[in-house]
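Have a look at the structure below, then the notes.
In what follows, residues are counted from 1 in the order of the sequence shown. Because only heavy atoms are used, hydrogens play no part in the values below, and waters and symmetry mates are left out as well, while side chains stay in.
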Amino acid sequence: MQTGMHTDTERCVRAVRSKDARFDGWFFTAVLTTGIYCRPSCPAVPPKPGNMTFHPSAAACQQAGFRACKRCRPDTSPGSPEWNVRADLTARAMRLIADGVVDREGVPGLAARLGYSTRQVERQLLAELGAGPLALARAQRAQTARLLIETTPLPMADIAFAAGFASIRTFNDTVREVYALSPSELRTRVPKARPAGTTAAGTTAAGTLLLRLPFRAPLNPDNLFGHLAATAVPGVEEWREGAYRRTLRLPYGHGIVALTPTPDHIACRLTLGDPRDLTVAISRCRRLLDLDADPVAVDDQLRADPLLAPLVDKAPGRRVPRTVDEAEFAVRAVLGQQVSTAAARTHAARLVAAHGEPVDDPEGGLTHLFPSTGALAAVDPETLAMPRTRRTTFTTLVAHLADGSVNLGVECDWAETRARLLALPGFGPWTADVIAMRALGDPDAFLPTDLGIRRAAGGLGLPSTPAALTARASAWRPWRAYAVQYLWATDSHPINFLPV
């Protein structure tokens with residue numbers, strides 16, 4: 001079992017006294033004298049150390065009888081970076097809970113996906129996080145409810161349904177218990193009108209939400225949005241007026257999101273066919289942009305290498321661009337084997353036009369969802385304009401994804417999944433590792449055979465042969481995927497002519 005930061009009382013007290021926003025989401029401060037819990041950066045006067053207790057999750061605070069601070073709104077802090085760094089049972093469970101699995105499938109469904117008994121999962125989460133899966137999902141529902149109450153004109157009954165509550169009574173009781181306000185009181189606290197550009201979140205057209213996605217500073221948006229824009233598949237993704245836009249396949253329907261970088265948050269404009277998909281859509285957008293990362297920890301580790309230090313100092317806070325759909329990314333990785341970025345986009349666009357599900361984009365530009373694995377499994381290989389060996393790789397991959405024998409979901413074990421991918425025909429280390437990095441979210445995935453990485457390494461004086469570079473990169477662990485971003489940034493064509 002991991003030991004969280006909340007157990008280090010002295011360190012937590014220092015973070016609270018300095019109002020250090022880097023630790024928001026790492027732990028929560030419960031104040032014994034007021035009965036509230038806060039994020040470490042709460043602007044209120046810090047309580048005396050003897051009046052503070054520390055918890056690993058908002059759910060644990062709520063379980064202990066504390067209410068969310070109305071000033072710092074701890075439920076809106078970035079998520080703990082631990083859940084995207086670790087691959088153990090607790091981290092995999094937390095990624096599934098964030099993806100709404102408990103709301104859709106219950107705790108038995110969560111346990112089944114993880115391959116453990118319900119009792120084992122509950123015991124592990126309670127021991128490490130101070131709350132079981134139901135309490136953690138409840139805290140997430142409360143956060144979603146508050147977001148909808150404060151940012152939409154939806155009736156309370158619709159909000160309760162959209163947030164995943166089983167009844168209006170449970171919705172009312174939970175909101176009152178967590179926030180010490182009824183749903184209607186929460187709504188009346190929202191200013192009636194906000195000047196344009198100053199709203200924390202709001203609504204536009206019917207079904208569209210304007211949200212702020214927080215992150216830990218620093219964040220360098222250039223590589224993040226630049227990569228997404230450069231590889232955008234026509235019809236599914238586009239870069240328009242400073243925003244990355246794309247379609248989303250969600251559990252209850254589809255959505256369209258526009259993500260715009262700003263100095264202190266990511267502006268998110270989200271249109272959903274079914275409001276029940278809100279929590280999942282936000283979770284996947286955060287994962288796409290790697291917003292729960294701890295850039296200070298990452299950069300400090302990489303900066304210790306004197307040859308990487310200038311790259312980190314020049315543009316700190318690089319993130320790993322990830323994906324909103326793991327299966328989609330795996331298919332696109334195969335389409336991009338040994339061809340240019342433009343050719344890979346062309347192959348993907350043809351698949352989208354022929355087999356994607358059409359969507360209606362009020363702004364134009366986006367036309368389809370990326371094809372499902374079921375639709376791709378039915379594609380006639382002879383219609384694919386690619387070498388026969390790659391056709392075999394493509395058809396084998398989509399068949400395994402469609403029948404579930406290869407699982408790329410957030411609950412998967414990274415090492416086991418990588419081994420399964422390497423066993424497929426046409427899958428070499430580069431393809432498996434780029435899927436591990438971008439789709440699975442492994443922060444330590446590394447690409448020593450990538451030509452762009454090898455050119456960058458040689459230019460910096462690092463070893464350029466895969467074996468020697470891998471040996472040198474051992475000092476960068478567990479953040480080698482972030483080192484890849486810094487190395488790619490030095491090459492003029494970092495994503496062209498990729499190996500298998």
Side-chain angles (χ1 to χ4, degrees), residues 147 151-152 196-197 199 201-215 219-263 265-275 277-291 319-329 331-332 335-336 341-342 344-353 355-372 438-439 495:
L147 180 66
T151 65
T152 77
T199 179
T203 57
T204 54
T208 298
L209 295 170
L210 300 180
L211 313 170
R212 287 187 176 189
L213 305 184
F215 56 76
L219 181 144
N220 187 314
D222 295 345
N223 78 304
L224 189 59
F225 285 90
H227 192 106
L228 294 173
T231 60
V233 175
V236 174
E237 304 165 285
E238 68 173 358
W239 180 261
R240 175 188 292 197
E241 298 177 356
Y244 167 75
R245 301 180 72 241
R246 72 154 293 149
T247 58
L248 303 171
R249 184 183 299 278
L250 299 166
Y252 296 105
H254 70 268
I256 294 175
V257 68
L259 299 164
T260 306
T262 77
H265 68 276
I266 302 296
C268 173
R269 187 171 73 254
L270 188 58
T271 303
L272 298 174
D274 190 313
D277 284 323
L278 175 62
T279 300
V280 177
I282 292 175
S283 173
R284 293 185 184 177
C285 289
R286 294 192 64 80
R287 186 168 170 80
L288 169 71
L289 301 180
D290 196 18
L291 296 185
R319 301 301 208 271
V320 178
R322 293 193 170 133
T323 183
V324 296
D325 187 317
E326 296 84 5
E328 172 192 318
F329 182 82
V331 170
R332 290 171 60 173
L335 295 177
T341 300
R345 294 176 70 233
T346 298
H347 286 312
R350 287 172 181 162
L351 281 181
V352 166
H355 306 286
E357 181 182 334
V359 298
D360 179 28
D361 177 12
E363 298 182 35
L366 302 181
T367 59
H368 293 80
L369 297 174
F370 195 85
S372 67
R438 297 279 309 278
I495 48 180

Point to revise | salt bridge (charged side-chain N to carboxylate O under 4.0 Å, His left out) involving Asp222 - partner list, sequence neighbours excluded | key: none
Review point. Residues in salt bridge (charged side-chain N to carboxylate O under 4.0 Å, His left out) with Arg350, at least two apart?
Key: none
Practice item. Determine, stepwise, if the pair Arg284 / Leu248 fulfils side-chain contact (heavy atoms from CB on, under 4.5 Å). Key: CA-CA 9 Å; Arg284 293 185 184 177; Leu248 303 171; 5.7 Å; no
Using side-chain heavy atoms (C-beta onward) and a distance below 4.5 Å, is [X] in contact with [Y]?
X      : Y      : result
His368 : Pro234 : no
Asp290 : Phe215 : no
Arg286 : Leu213 : yes
Leu224 : Tyr244 : no

Practice item. Show the numbers, then the answer: is there a side-chain contact (heavy atoms from CB on, under 4.5 Å) between Thr247 and Asp361? Key: CA-CA 9 Å; Thr247 58; Asp361 177 12; over 6 Å; no
Practice item. With rounding to the nearest 0.5 Å, note down the distance linking CZ in Arg345 to OG1 in Thr231. Key: 8.0 Å
Revision key, fill the gap. Shortest non-hydrogen pair, Leu250 vs Leu272, comes out as CD1-CD2, 3.6 Å
Point to revise | side chain to side chain contact (heavy atoms under 4.5 Å, CB included) partners for Thr367, two or more places apart | key: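 Here no residue qualifies.
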Exercise for review: Identify whether the distance between the nearest side-chain nitrogen and carboxylate oxygen of Glu357 and Arg249 falls below 4.0 Å.
Suggested key: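 A salt bridge is present here (some side-chain N lies under 4.0 Å from a carboxylate O).
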